[in-house]
Amino acid sequence: MGLLPTSQTSISNLCSSELPLSFSMLLLLLQTLGAGAQNMVVLQAQGPLKVTSGDTVHLNCMIWFGPPGGVRWYKGSDRSQPPVYSDKAAVPPRVTRFDPGSSLDYSIRISDIQPEDAGTYYCVKYKAGIVEMEYKSGEGTVVTVVAIPSQPSITGPPSRVDSGALVTFTCSSDGFFPRDITVTWLKDGRHIPASWTLTLPPRRSTSYHVVSTVEATLTEKDVKSELICQIQHSTLPGPLRQSFKLGDALRVTPKMSMEPSHLVNATVNQLVMITCSAKGFYPNDTSLMWRENGSETDLGTSGPITQETDGTFSVKSFLEANATEPRNHSVFTCYAVRNSQTLDHVNVTLKIHREKGHGYSANTVKKPQAEYFCTDTEGRRDILRRRLPPSATKKVVSQRTAKMGLLPASQTSISNLCSSELPLSFSLLLLLLQTLGAGAQNLVVLQTQGPLKVTAGDTVHLNCTFTGLGPPGGGRWFKGSDRSQPPIYSDKAAVPPRVTRVTPGSITDYSIRISNIQPEDAGTYYCVRYKAIFVETEYKSGEGTEVLVIAIPSQPSVTGPPSRVVLGASVMFICSSDGFFPRDITVTWLKDGRSVPPFRTVTLPLTESTSYRVMSSVKVSLTEKDVKSELICQIQHSTLPGPLRQSFKLGDALQVAPKMSMEPSHLVDTTVNQLVMITCSAKGFYPNDTSLVWREIGSEMALGTSGPITQETDGTFSVKSFLEANATEPRNHSVFTCYTMRNSHTLDHVNVMLKIHREKGHGYSANTGQWLSSNPGLWVAFVLNKIGGTLFLSFLFLRKMLSKTGKRRQQQPKE
């Protein structure tokens, strides 16, 4: 009649068949179980769903017209991995059903979502049988975890630098998604360009890391300046900012002065007050100390340290000294000291006389050491006998000798003074000026040309020799051409402890040594001869000796991901080393002895410097085999006899989930009150931070006993737990679940059902009765299907019989 669907038409055919009734009913049951399969629908939200890290994601799934069987949720298309949710077993604490027990709504929630949870989630319907098989899957819901960048952090130089140094600052932030991010640098509110910005990893990922660097030249004005790293990302309502006080990276040397300056003019036993000032230093770690003729004295008293409006500091120290006769011409020196190192100094000379006002001023006093004599034609000594400057030597000048041409021009000029008719005082003045300029054209300052290459920590020898005739005066050494800075060495004042004369007291050899040389000592050193008249002035300088401090790179350091990653993750490792010179350096990566190409290597600063830093990165995809693997960063530099190496155990960055099994599996078939032993095994996990927990029908129990954790040859770990349970009647069909736990989070689980019967051997085996015994609802469905099928067949059978009976009656002849 065409009133039955295809499936029912097939059923009707059974009624007219000649098959035995029992076999017909079996076929009907199988047909009924498959009825509606073609009409079954699994509906999922299309997505993508964007969820902020830490929030809860809702995954919708509705199922209609399905055959008997369970439902599971999977992340990704791999069905061999543990499901995210299963209605047949316990689930992780973060996963919950919307409507527990519903046969239509299988929507779930996943709380505390993390970047690694991003992916495509599939709602899968299974078909019950001897073994449950996947029947139909939803199209999947894409979940995108929108992660907020971490608060940026800024790192500067490893130690304070001097004013004028070029410094590199690094800003980093991680854990964000999507990849696009903007990093901006501001100095005192003004934008400055970044040297480079790098977002890692370069390929698609669920979590990214950004690194940006900027270079800034620091000056005294930066003591109160602020550097800001600003990050903008689509997940942020406004930019994230991190500031760095440039004063924390800066070191400013004090400017020193003395009052009175140069010379203190006092009478015998007069109390003299001297004030030493140090201004403009930073940070507040500088003190003042006094020395008298090179020996430390405790006569000075320092006042409080005060902070100026520009952020720098100032301090004064006061010295009271009694002008006793033994102190005549004593030199008082005031030193600025930081961390036991002398930064600068100034000094003053104490000039004592008996009658007040008879002292010489600071600008006119010079210590005489030599004599000149004029003689007549007979060689007799004349009336001219005067002391002249220290550089002069005793000379006897005669007109006769001069006339014979045996004297140099300068001495000839002196001899002319003896025979001149000029007043004696004026003759003396001319003689003094003539002496100060004598031999000026012949003086030569000889220095080693260089460059001198010295290893950091060693001693450098700087040679300097004065040859030829020159005016009286001292010698000094300067680093660089700026004569306003404190000299490295001066024969008129105390010098830093690291600097010593090679030949103390020599008037021709001004060579010096500088011990414990450091990269910041690199530069050009000038030996300078000064001319003494009333105030010493620069007379002649050497051509300079360039010093290159060859600094050895520091031991490299290797950093990996901030937390452990799962198998298959592509991980970025960074190797860094600093403090080396010259700039050329080679960084090589090795994994288990084999070379791995670096992702990027950069040497900072990009401009010329006396000290450099190198950063190199490499990407490694981690597998189970990497638990015992080793990553090595190797650095080669011209200052090294061999490469420097730093290793990183990849196992320290890896997290491997366990593979679980149960013995016996699936079903334990036993009799009442029998003691049952179940063994749960977790193998191949890493690190050694996993434990096993038992639950009976969802409730935690303390019956299990774990054995010792053992390490396998591949470096992973294994553990077993044993459960003893008494098979009492209330435990019939109880489900025992074994969980692997790490930091209170469930990694995986396996379960087994306890089937208890009174007569031994009457239970179903794990392979034939599991799909019925594991769910009482299936038993009800099975029975109802049988009853319904039987009634329906009976109805059809009776209908057929009645139809045949009616036909026979119609065919009987009417009487």
Side-chain angles (χ1 to χ4, degrees), residues 41-63 71-79 81-86 91-99 105-124 137-152 172-184 197-212 230-242 561-572 655 745-746:
V41 178
V42 179
L43 289 181
Q44 284 188 245
Q46 292 182 354
L49 302 179
K50 289 187 177 180
V51 190
T52 302
S53 179
D55 287 353
T56 298
V57 64
H58 299 260
L59 300 175
N60 296 320
C61 176
M62 302 293 291
I63 298 178
V71 175
R72 302 176 194 173
W73 278 90
Y74 287 93
K75 178 186 172 187
S77 57
D78 182 8
R79 302 295 188 259
Q81 64 178 330
V84 174
Y85 168 83
S86 172
V91 296
R94 292 196 301 142
V95 182
T96 56
R97 276 278 297 273
F98 263 29
D99 187 3
D105 187 355
Y106 283 88
S107 304
I108 62 172
R109 303 183 189 93
I110 304 177
S111 61
D112 190 25
I113 203 79
Q114 297 299 317
E116 55 267 24
D117 293 324
T120 303
Y121 288 79
Y122 294 91
C123 180
V124 183
S137 171
E139 294 183 357
T141 302
V142 177
V143 175
T144 301
V145 181
V146 182
I148 299 174
S150 64
Q151 178 66 27
S172 62
S173 176
D174 53 25
F176 57 88
F177 185 90
R179 191 177 193 272
D180 293 337
I181 196 167
T182 302
V183 182
T184 308
T197 301
L198 180 65
T199 304
L200 304 172
R203 62 184 183 184
R204 188 170 181 177
S205 176
T206 58
S207 181
Y208 292 95
H209 176 82
V210 68
V211 179
S212 181
Q230 176 176 283
I231 286 181
Q232 293 171 295
H233 191 256
S234 59
T235 60
L236 298 171
L240 289 177
R241 288 187 168 196
Q242 183 62 48
S563 58
R564 293 183 182 271
V565 299
V566 297
L567 293 177
S570 181
V571 181
M572 186 70 69
Q655 180 175 280
H745 290 286
T746 300

Please report the shortest heavy-atom distance between Asp117 and Val145, naming the atom on each side.
C-CG2, 4.3 Å
Measure from the side-chain N and O atoms of His233 to the backbone N and O of Pro178, and report whether any donor-acceptor pair falls under 3.5 Å.
yes
Provide the closest heavy-atom pair for Lys75 versus Gly119 in the form atom of the first, atom of the second, distance.
CE-CA, 4.3 Å
Using 0.5 Å steps for rounding, measure from the CZ atom of Arg97 to the CD1 atom of Ile108.
9.5 Å
Run the numbers on Ile231 and Ile181 for side-chain contact (heavy atoms from CB on, under 4.5 Å), then give the verdict.
CA-CA 7 Å; Ile231 286 181; Ile181 196 167; 3.5 Å; yes
N/O donor-acceptor pair under 3.5 Å between Arg109 side chain and Thr56 backbone:
no
Could you measure the distance from the CD1 atom of Ile110 to the NE2 atom of His58? Nearest 0.5 Å is fine.
10.5 Å
Checking Arg79 against Tyr122: is there a side-chain donor and acceptor pair closer than 3.5 Å?
no
Given side-chain contact (heavy atoms from CB on, under 4.5 Å), test Cys61 with Val42 step by step and report yes or no.
CA-CA 7 Å; Cys61 176; Val42 179; 4.0 Å; yes
Counting only heavy atoms not in Gln81, do more than 12 fall under 6.0 Å of its CD?
yes
Closest approach of Asp112 and Arg94, non-hydrogen atoms and distance?
O-NH1, 3.0 Å
In terms of heavy-atom contacts, Asp55 and Val51 come closest through CB-CG1, 3.8 Å
Tell me if a side-chain donor or acceptor on Ser173 pairs with a main-chain N or O of Ser150 at a distance below 3.5 Å.
yes
Could you give the distance from OG (Ser172) to CD (Gln242), rounded to the nearest 0.5 Å?
10.0 Å
Please evaluate residues Ser207 and Glu116 with respect to the criterion side-chain contact (heavy atoms from CB on, under 4.5 Å), reporting the C-alpha separation (whole Å), side-chain torsions for both, the decisive distance (0.1 Å), and the verdict.
CA-CA 8 Å; Ser207 181; Glu116 55 267 24; over 6 Å; no
Aromatic plane relationship, Phe177 with Tyr208 - under 30° parallel, 30 to 60° tilted, over 60° perpendicular
parallel
Rounded to the nearest 0.5 Å, the OG1 atom of Thr120 sits from the CD atom of Glu139 at a distance of 12.0 Å
Ser86 backbone acceptor or donor facing Arg72 side chain under 3.5 Å:
no
Taking side-chain contact (heavy atoms from CB on, under 4.5 Å) as the criterion, tell me which of Asp99, Leu59, Asn60, Thr96 meets it with Ser107.
Asn60
Are Trp73 and Pro83 packed together at the side-chain level, in the sense that at least one heavy-atom pair is separated by less than 4.5 angstrom?
no
N/O donor-acceptor pair under 3.5 Å between Gln44 side chain and Cys123 backbone
yes
What distance do Leu236 atom CG and Phe176 atom CZ have between them, rounded to the nearest 0.5 Å?
10.5 Å
Straight-line distance of Met572 CE to Leu198 CG, nearest 0.5 Å
7.0 Å
